[in-house]
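A short write-up of the structure that comes next.
Counting starts at 1 for both ligands and their atoms, in listed order. We use all heavy atoms of the structure for the numbers below, so side chains are in, but hydrogens, waters and symmetry mates are not.
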Amino acid sequence: MSQLVTLHEFIMARQADFPFASGELSRLLSDIAVASKMVSMDVRRAGLVDHILGAEGNTNVQGEEQQKLDVVADNHFINLFKAGGEVCGIASEENDDYLPFKSQKSRDGKYVVLFDPLDGSSNIDVNVSIGTIFSVYRRKSKTGEEANLQDMLQAGHEQVAAGYVVYGSSTMLVYTTGRGVNGFTLDPLIGEFCLSHPDMKMPENGRIYAINEGNINICNPGLKKYVQTYCQQTREGASRPYSGRYIGSLVADFHRTLIKGGIYVYPSTTTDPEGKLRLLYECNPIAFIAEQAGGLATTGVERVMEIQPERLHQRIPFYVGSKTMMKQAMACLEKDGPESI
Ligand code: AHM
Ligand code: MG
């Protein structure tokens, strides 16, 4: 039997690789792990909360107001970050504006975190996998001051860490600090994330495409051509076309793409010209992980992590996946009708 390595042990061992590290990023990653265990517990009880303890917006048996699970998840992360003191402010999909933390301890924190506390939350009602996605940046403002908007609007290539947690048939945390990608599965018996997927690599090619095909006639012609010619036709040497798989939870669709290879696309459409996914909370962290695992992430036009964000809730068209499939999709876009952003 190989030795069990907990996330905590792994983070501490990695910290020793950086002789001048102060341990703040390590503590921050540990806080994220603790918050995601709390969310995992809530997700496991979601059906009970809705159907037995009282629906959202109602009062539960204890007479307390029920909150939506995304708000509950948001609060778990915010509370842990405030208590930890490594983070001077956050921005999340659940909040209209960024939140600078006021205490002196937090104002001395080096980092900001941008996150989507519960991605794919429309899947909660039907018991399908959902996730948390996070990005960590070093602050731009002076230590000791309040975090500001410029701390939040950093390009993806400035991320110091990024990851996601998928609340699936098991709960898994996958993260990178720019030195490869590692995955940890939550062992519910001991309540610890344990290293289960060391040094994850995305296959160079794949046979699975993930796109909401209901949108195929309102997206650009280049993407339609790619899907029809590369994904839906039996190509030489293959026994059948590619498989379409679309969970509708970015984290779960991407997790499969990372492990099995494939391509995930949420393009611009005539109804949503900027696409749907948020640059800061969804695309940048997933792009960082994809690239660290050997994949690519673009808007169909440019590398996601090069974009200088202009707004907190900015959306972009998003293409991510195995190198070969991404290159083929990008070539179709160039030739048959580009993404517009
Ligand atoms: P959310 O952040 O409001 O949950 O929306 C993001 C989700 C992604 O997880 C998923 O890939 C996509 O929206 C699905 O959208 P659609 O139903 O339009 O295909
Ligand atoms: Mg989301």
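Note on Asp119: its N/O/S atom closest to the Mg ion (ligand 2) is OD1. Closest approach between the Mg ion (ligand 2) and any N/O/S atom of Asp116 involves OD2. Glu282 contributes OE2 as its N, O or S atom closest to the Mg ion (ligand 2).
Checking Ser322 against Thr324 by side-chain atom types alone, no donor-acceptor pair falls below 3.5 Å. There is no side-chain donor-acceptor pair under 3.5 Å between Asp96 and His313. Between the side chains of Ser135 and Gln159, at least one donor-acceptor pair of N or O atoms lies under 3.5 Å. A donor-acceptor contact under 3.5 angstrom links the side chains of Gln232 and Glu213, judged on distance only.
The aromatic rings of Tyr264 and Tyr246 lie parallel to each other, their planes meeting at an angle below 30°, with 60° marking the opposite boundary.
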Between Asp74 and Asn95, is a side chain to side chain donor-acceptor pair (under 3.5 Å) present by the stated rule, with each step listed? CA-CA 9 Å; Asp74 198 44; Asn95 297 286; 2.9 Å; yes
Side chain to side chain contact (heavy atoms under 4.5 Å, CB included) between Ile32 and Phe81, intermediate numbers included: CA-CA 8 Å; Ile32 290 174; Phe81 293 146; 3.6 Å; yes
Quick one: do Leu173 and Leu186 satisfy side chain to side chain contact (heavy atoms under 4.5 Å, CB included)? Show the steps, please. CA-CA 8 Å; Leu173 186 151; Leu186 182 61; over 6 Å; no
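Scanning the protein heavy atoms around atom 11 (O) of ligand 1, the nearest turns out to be Tyr264 OH, 2.7 Å. Regarding atom 4 (O) of ligand 1, its nearest protein heavy-atom neighbour is Gly120 N, 2.8 Å. The protein non-hydrogen atom at the shortest distance from atom 2 (O) of ligand 1 is Glu93 OE2, 2.8 Å. Protein heavy atom nearest atom 10 (C) of ligand 1, with residue, atom name and distance: Gly248 O, 3.3 Å. For atom 15 (O) of ligand 1, the closest heavy atom belonging to the protein is Lys276 NZ, 3.0 Å. Of all protein heavy atoms, the one lying nearest to atom 18 (O) of ligand 1 is Tyr266 OH, 2.6 Å. Asp119 OD1, 3.5 Å is the protein heavy atom nearest to atom 6 (C) of ligand 1. Atom 14 (C) of ligand 1 has its closest protein heavy atom at Tyr246 OH, 3.2 Å.
Checking only distances, Leu250 does come within under 3.5 Å of ligand 1, N or O to N or O. An N or O contact shorter than 3.5 Å is missing between Asp253 and ligand 1 by distance.
For ligand 1, the atoms closer than 4.0 angstrom to any heavy atom of Asp116 are 2 (O). For ligand 1, the atoms closer than 4.0 angstrom to any heavy atom of Glu282 are 2 (O), 6 (C). Less than 4.0 angstrom separates some heavy atom of Ser121 from each of these atoms of ligand 1: 4 (O). Each of the atoms 16 (P), 18 (O), 19 (O) of ligand 1 lies under 4.0 Å from some heavy atom of Asn212.
Leu7 places a side-chain heavy atom less than 4.5 Å from the side chain of Tyr175.
With values rounded to the nearest 0.5 angstrom, Leu258 atom CG is found 8.0 Å from Ile289 atom CD1.
Between Phe134 and Tyr164, the ring centre distance reaches or exceeds 6.0 Å.
Contacts between Asn215 and ligand 1 below 4.0 angstrom, taking non-hydrogen atoms only, are absent altogether.
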